[in-house]
Amino acid sequence: MNSPLLYRTTAAAGTLLLAGLAAMVIATPAQPEWIPLFNGKDLDGWTPKFKGEDLGVNYLDTFSAGDGVLRVSYDKYKNFDSRFGHLFYKSKFKSYNLRVEYRFVGEQCPGGPGWATRNNGVMIFSQSPESMLKDQDFPASVEVQLLGGDGKNERHTANICTPGTHIVMDGKLITQHCIDSKSKTYHGDQWVTVLLEVRGDAVTKHVIDGETVFSYEQPQLDPNDADGKRLIKDGLVRLHEGYIAIQAESHPTEFRKIEIQPL
């Protein structure tokens with residue numbers, strides 16, 4: 001038979017435990033909110049940089065916005081003529097989740113390179129647009145390459161390309177320029193969502209349909225690349241933070257969600 005004292009002691013301990021658990025739940029910090037980088041109506045907060053043009057020139061109105069969509073279009077082009085462009089967000093970031101929803105539409109601009117068909121990208125760990133040379137094709141950065149299917153062949157997305165940079169994967173320095181993911185192929189003009197988890201130079205993950213298709217670390221400038229070498233200061237090559245940019249590589253693309261969650 002249990003004594004009243006033991007019962008009261010046990011009950012009191014249980015009450016304290018429940019109170020402690022409740023306090024822990026209450027004290028658990030809420031997840032940071034998602035912050036839209038694109039406001040759905042204009043390019044406020046974004047700056048274009050095109051090869052051969054001064055910073056801020058939106059060459060032939062390639063980038064435009066309205067009705068909830070950021071567009072990369074080539075309606076005013078006669079020929080692409082290697083006018084690679086990038087649209088940079090005003091701030092640089094270090095640790096965050098980035099969610100991007102995109103789709104490919106229409107036909108590639110005449111004169112666009114074959115590899116750029118249904119091809120675009122999101123640059124992370126990027127150099128600033130101000131530090132780009134006037135005739136520089138791509139910013140030194142890590143590119144999350146976005147590819148659309150051609151209607152018949154397998155074509156993965158959320159790939160990795162490394163203009164002016166390298167990454168480390170599974171403990172090995174990767175110097176290969178582009179690495180193919182194992183994502184499914186997305187044909188036609190369907191919307192596709194890619195989630196990026198970036199934790200400084202500790203780990204970066206590419207996630208699509210809930211599946212992590214890449215995990216890597218230690219993004220760094222390539223000392224053997226002219227653009228990468230120019231940005232190395234005091235021997236420091238590791239990239240802990242950088243700018244985010246949207247590419248314009250000759251195929252019309254639409255983005256209806258670009259949002260960030262600070263970590």
Side-chain angles (χ1 to χ4, degrees), residues 36-38 40-41 43 46 48-51 58-89 98-124 126 137-139 141-161 163 177-196 206-211 213-214 244-259:
L37 300 185
F38 167 54
K41 57 185 181 180
L43 300 178
W46 296 83
K49 174 66 184 78
F50 282 82
K51 179 183 178 181
N58 188 5
Y59 182 70
L60 295 181
D61 297 323
T62 307
F63 295 108
S64 62
D67 301 321
V69 176
L70 191 160
R71 298 179 180 87
V72 183
S73 58
Y74 301 89
D75 299 342
K76 298 182 179 180
Y77 283 63
K78 291 183 179 178
N79 189 282
F80 183 64
D81 197 27
S82 297
R83 292 285 188 152
F84 297 104
H86 296 81
L87 187 67
F88 288 81
Y89 190 67
L98 181 70
R99 190 156 54 196
V100 176
E101 193 169 354
Y102 72 94
R103 69 174 180 176
F104 293 99
V105 294
E107 299 299 321
Q108 186 182 21
C109 178
W115 54 261
T117 302
R118 298 179 69 79
N119 183 343
N120 208 314
V122 177
M123 323 305 276
I124 57 177
S126 176
D137 286 327
F138 308 101
S141 57
V142 176
E143 176 191 349
V144 182
Q145 186 190 55
L146 310 176
L147 293 183
D150 59 8
K152 355 175 237 190
N153 300 303
E154 234 181 61
R155 225 165 169 242
H156 308 130
T157 191
N159 306 316
I160 299 172
C161 291
H177 176 56
C178 286
I179 311 166
D180 205 18
S181 83
K182 299 301 180 184
S183 81
K184 63 177 281 189
T185 299
Y186 296 87
H187 296 290
D189 60 359
Q190 63 181 301
W191 289 100
V192 182
T193 301
V194 171
L195 176 67
L196 307 176
H206 298 187
V207 181
I208 189 161
D209 286 341
E211 179 186 1
V213 296
F214 273 122
I244 292 169
I246 301 298
Q247 281 194 312
E249 289 191 305
S250 76
H251 201 110
T253 314
E254 295 182 346
F255 297 85
R256 69 178 181 188
K257 184 179 290 183
I258 307 172
E259 55 187 6

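The model shown is predicted, which means the values in this text are computed figures rather than measured ones.
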Taking side-chain contact (heavy atoms from CB on, under 4.5 Å) as the test, write out the residues that go with Ser183, two or more places apart.
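With neighbours one apart ignored, the set is His156, Thr157, Ser181, Ile208, Val213.
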Does [X] have any ring pair (Phe, Tyr, Trp, His ring centres under 6.0 Å) partners at least two apart in sequence or in another chain, and if so, which?
{"X": "Phe63", "value": "Phe50"}
{"X": "Tyr102", "value": "Phe104"}
{"X": "Tyr186", "value": "none"}
{"X": "His86", "value": "Phe138"}

What pairs of residues pass the salt bridge (Lys or Arg N to Asp or Glu O under 4.0 Å) test when at least one of them lies in residues 60-70, not counting sequence neighbours?
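Residue pairs passing salt bridge (Lys or Arg N to Asp or Glu O under 4.0 Å), neighbours aside: Asp61-Lys76.
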Say you draw a straight line from [atom1] of [X] to [atom2] of [Y]; how long is it, rounded to the nearest 0.5 Å?
{"X": "Phe255", "Y": "Leu146", "atom1": "CZ", "atom2": "CG", "answer": "6.0 Å"}
{"X": "His206", "Y": "Glu211", "atom1": "NE2", "atom2": "CD", "answer": "13.5 Å"}
{"X": "Lys257", "Y": "Leu98", "atom1": "NZ", "atom2": "CG", "answer": "11.5 Å"}
{"X": "Leu70", "Y": "Glu254", "atom1": "CG", "atom2": "CD", "answer": "9.5 Å"}

Under the salt bridge (charged side-chain N to carboxylate O under 4.0 Å, His left out) test, which residues partner [X], sequence neighbours left out?
{"X": "Arg155", "answer": "none"}
{"X": "Asp81", "answer": "none"}
{"X": "Lys152", "answer": "none"}
{"X": "Arg118", "answer": "none"}

Checking [X] side chain against [Y] main chain: does a donor-acceptor pair fall under 3.5 Å?
{"X": "Tyr74", "Y": "Ser250", "value": "yes"}
{"X": "Gln108", "Y": "Pro113", "value": "yes"}
{"X": "Asn120", "Y": "Gln247", "value": "yes"}

Flag the pair [X] / [Y] as yes when at least one side-chain heavy-atom distance between them is below 4.5 Å, and no otherwise.
{"X": "Glu154", "Y": "Thr185", "result": "yes"}
{"X": "Asp150", "Y": "His187", "result": "yes"}
{"X": "Cys161", "Y": "His177", "result": "yes"}
{"X": "Tyr89", "Y": "Ile258", "result": "no"}

Cys109: partners by disulfide (SG to SG under 2.5 Å), with sequence neighbours left out:
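Applying disulfide (SG to SG under 2.5 Å) to Cys109 gives none.
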Results of side-chain hydrogen bond (donor to acceptor under 3.5 Å, both in side chains) for Ser73 - residues two or more places apart only
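If we apply the side-chain hydrogen bond (donor to acceptor under 3.5 Å, both in side chains) test to Ser73, skipping adjacent residues, there are no hits.
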Show your working on ring-ring contact (aromatic ring centres under 6.0 Å, His included) between Tyr59 and Tyr77 and close with a plain yes or no.
CA-CA 10 Å; Tyr59 182 70; Tyr77 283 63; 5.5 Å; yes
